[in-house]
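Only a predicted model underlies this, so the values are computations on that prediction, with no experimental measurement involved.
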Amino acid sequence: MNFGFHLATAWGLYLLILRLLAVYDPSNKIGPAWNSNIALLATVLWAINPMMTQAVTYIVQRMAVMAAFFYVLGLLSYLNARTAKTVLQRWSYVTACFVFFLCALGSKENAVMFPVSVLLMEWIFFRHGHMKFLLHRKLILGAVLLLLIGLLLVQFTRELPLFDYILKGYDDRPFTLFERVMTQPRIILGYLSQLFFPLPKQLSIVHDIVLSTSLFKPWSTFPAITFISVAIFFAVVTAKQLPLLSFAVLFFFVNHIPESTILPLELVFEHRNYLPALFLFLPLAAGLHNLLCKIEGHIGAVLMASSLIILVLFGLGMGTYIRNKVWATEESLWQDAALKAPESMRPLVTLGIELAWQKHPTSDNYRHALKLFERSLNRRPNRKWEKADVLGNMASVHYFQGNYKKAIEIYLQALDINPDFHKCRSDLIKPLVSLGLFEQARLHAEYLTHVRPINPDYQNLLGFIFLRQNLLEKALQCFQKAMLLGSKNNNLFINLGITLTLAGHGERGHWFLKRVVQNTNGETLPVFAIIENRLRSGDQESAQRYAKNLVEQLPISKIVESMNGLKENYAIVPIDADMIRAIIFDTSEAILMSLQ
């Protein structure tokens, strides 16, 4: 689907550039054929650029591709409105322009600069770069109003006010607002070098970036700021003489404002160039057209220039193909990132997660994952608390291996770094329960329910601990709170069913356990629980029926293995293995006898 939207965006961009060139060249001096060639070349240089791979191939960045798609349609609608011959046509296109703006903004918030882009287009192509345009109050006020509407819509998608989000967002970043703003000019120059010289070795999902802490540290900070300032100034003062170049430059920098200035986002991502770079190759395509016009009579020069263009397009296509090969799997993507960003923590962490959390991990997978996590601790984090995340992952791997004491030790180290790491505290409870340390587990669970009282999983977790401590009334209170908070999963239902069974409410417990059995075909634990429920309720016939269904579905060896695992396994709900063993074995023997 991403690729489909990318093709549609490219087609829309081609039509948009054609319309722009028609406005730029109203007397048709260039000619429709050359206009088509310029539009086609500018579009292809953008569409097949390896820099666009991250936006198109990375599924989650469909929002970036869709935002650009609607953005292009919005600009095209504005151009059509601006050149419409009737009032009805004009207002139809204006309405479409506004709708596409809302669609782009709904896809991704970086489309908020759409009104400014419309102003740029109006100023450069229709007002010919005259500064008097700034006195046109209606257009300026209209654009400002649209921008405010966009900002308000963005605000509705966030829990915090935008200003608080900007300030508090840096609490979890290893850089300050000042450092981010100072670093971005160097990053944007890096984007430009990648766009015009997109060598595969320059492209990565993660980049090592040295923070700019002052104008001259590192030394390249001041030149980068100076270059961008001069480029913007040059684009403004030459808007009348060089409209295509002026528009491309200003459009690029204006549309980098949302993600490359003050917002507390990560420093660098290649997909952020998908929208800003839409017109970046238009001046280049127009310049090549002028060159070909000048050498039109020299066949050798024309062939050489044409061959060079074909070679560049082939190189871009090959670069995009090579980059997509890297994106083929999670492993290849992050191995590539680990090579290109050796100082970054994220590639090693992600590779470790891929090993340890795969479907059937081996002991070697766990061992290699732990090594990757340990190496990552000496790398640059992307967030302040990322070291705590890594320690949490290491602790989880030890828990998976049954090293409960080691897991507890490392979970506590992670919590020392970030006491508000609630997932880590929740995970810590698992090895504590597995070792029968219920009081310690209860203290952590009570803390979680205190700081996150509306989280049903934490209520369920605390209830489970009370159940293991045989504090049935307290357990029921927690489970009921979890249900009121909207949780209706099998884990809660089996906890609730067993608690009701042990509290003497057999029929109510049976209601919950029956639903778990229906939803978990082939799992032994729910069936064990419902057999015990029926036996405690004096319903021997139903208990035998459930036992018969279990024996008919699963090998007796697996059933025996599951029953043996019930004793002294504090990590699962308490089930009386001795109570259910007899009826399961008797049922199994009866079935065998009937087959003889």
Side-chain angles (χ1 to χ4, degrees), residues 357 385 388-503 505 508-509 512-513 516 520 525-526 529 565-576:
W357 273 267
W385 311 120
D389 291 349
V390 175
L391 289 171
N393 290 332
M394 292 174 65
S396 294
V397 172
H398 284 293
Y399 172 74
F400 298 154
Q401 293 179 302
N403 302 326
Y404 300 136
K405 291 183 178 179
K406 186 67 175 177
I408 292 169
E409 177 189 334
I410 301 177
Y411 277 133
L412 291 174
Q413 290 177 21
L415 289 172
D416 285 340
I417 296 172
N418 183 10
D420 295 327
F421 191 179
H422 301 316
K423 181 184 182 302
C424 180
R425 195 177 297 274
S426 175
D427 290 339
L428 167 62
I429 292 171
K430 298 174 185 176
L432 289 172
V433 167
S434 297
L435 292 177
L437 302 174
F438 297 119
E439 277 303 306
Q440 293 183 42
R442 181 181 61 80
L443 290 174
H444 288 288
E446 286 178 341
Y447 174 83
L448 289 172
T449 57
H450 174 72
V451 296
R452 290 287 186 272
I454 61 171
N455 188 313
D457 294 333
Y458 294 159
Q459 294 290 347
N460 186 27
L461 190 56
L462 180 58
F464 174 80
I465 295 167
F466 283 136
L467 172 58
R468 291 299 326 195
Q469 291 181 301
N470 204 32
L471 300 173
L472 302 181
E473 287 302 318
K474 289 186 176 182
L476 282 174
Q477 291 174 11
C478 292
F479 296 143
Q480 288 166 354
K481 285 180 183 177
M483 285 196 66
L484 290 173
L485 291 170
S487 179
K488 294 181 180 178
N489 59 51
N490 291 327
N491 182 263
L492 173 61
F493 275 21
I494 194 170
N495 290 343
L496 195 49
I498 288 174
T499 306
L500 289 167
T501 300
L502 296 176
H505 306 292
R508 290 171 61 193
F512 287 101
L513 293 172
V516 179
T520 56
L525 193 65
L566 294 175
K567 288 190 174 182
E568 297 184 2
N569 187 346
Y570 301 121
I572 61 175
V573 287
I575 294 175
D576 192 335

Sorted by chain and number, sequence neighbours left out, side-chain hydrogen bond (donor to acceptor under 3.5 Å, both in side chains) with Arg468 holds for none
Between the OH atom in Tyr404 and the CG atom in Leu437, the distance rounded to the nearest 0.5 Å is 12.0 Å
Distance col, row Leu525:CG vs Ile572:CD1, nearest 0.5 angstrom, shows 5.5 Å
For Ala529 and Ile575, the nearest pair of non-hydrogen atoms, with its separation, is N-CD1, 3.9 Å
In short, Ile465 meets Ala445 closest at the heavy-atom pair CD1-CB, 3.7 Å
Tyr399 and Ala407 have their tightest heavy-atom pair at N-CB, 3.8 Å
Discussion item. Any heavy-atom pair between the side chains of Leu432 and Tyr411 that's under 4.5 Å?
Written reply: no
Heavy-atom closest pair (Gly463 atom, Ala475 atom, distance to 0.1 Å) is O-CB, 3.4 Å
(Q) When you compare the side chain of Val397 with that of Trp357, does any pair of heavy atoms fall below 4.5 Å? (A) yes
query = Do Leu502 and Leu467 touch side chain to side chain, with heavy atoms closer than 4.5 Å?
reply = yes
d(Cys424 SG, Asn393 CG) to nearest 0.5 Å is 9.5 Å
| request: Check whether any side-chain N or O of Ser426 sits under 3.5 Å from a backbone N or O of His422 as a donor-acceptor pair, and report yes or no. | output: no
- Query: Tell me, do Phe466 and Arg442 make a side-chain contact under 4.5 Å, heavy atoms counted?
  - Reply: yes
May I ask you to test the Leu496-Leu513 pair for a side-chain heavy-atom distance under 4.5 Å? no
### Task
Could you check if a side-chain atom of Asp427 sits within less than 4.5 angstrom of a side-chain atom of Ser396, using non-hydrogen atoms only?
yes
Scan the side chains in residues 452-462 for donor-acceptor partners under 3.5 Å anywhere in the protein, sequence neighbours excluded, and list what turns up.
{"residue": "Asn455", "atom": "OD1", "partner": "Asp457", "partner atom": "N", "Å": "2.9"}
{"residue": "Asn455", "atom": "OD1", "partner": "Tyr458", "partner atom": "N", "Å": "3.3"}
{"residue": "Asn460", "atom": "OD1", "partner": "Asn495", "partner atom": "ND2", "Å": "2.9"}
{"residue": "Asn460", "atom": "ND2", "partner": "Asn491", "partner atom": "OD1", "Å": "2.6"}

Residues Leu391 and Ala414: closest non-hydrogen pair is CB-CB, 3.8 Å
Heavy-atom side-chain contact between Val451 and Tyr447 under 4.5 Å | yes
To the nearest 0.5 Å, atom CZ of Phe479 lies from atom CG of Leu500 at 9.5 Å
task = Begin from the C-alpha positions of Lys405 and His398 and carry the test side chain to side chain contact (heavy atoms under 4.5 Å, CB included) through to its verdict.
result = CA-CA 9 Å; Lys405 291 183 178 179; His398 284 293; over 6 Å; no
The reported gap from CD in Gln480 to CG in Leu485 (rounded to nearest 0.5 angstrom) is 12.0 Å
One should read off an interatomic distance between Leu415 CG and Asp420 CG, to the nearest 0.5 angstrom, of 9.5 Å
If you define the side chain from C-beta out and look only at heavy atoms, does anything of Ile429 sit under 4.5 Å from Leu448? yes
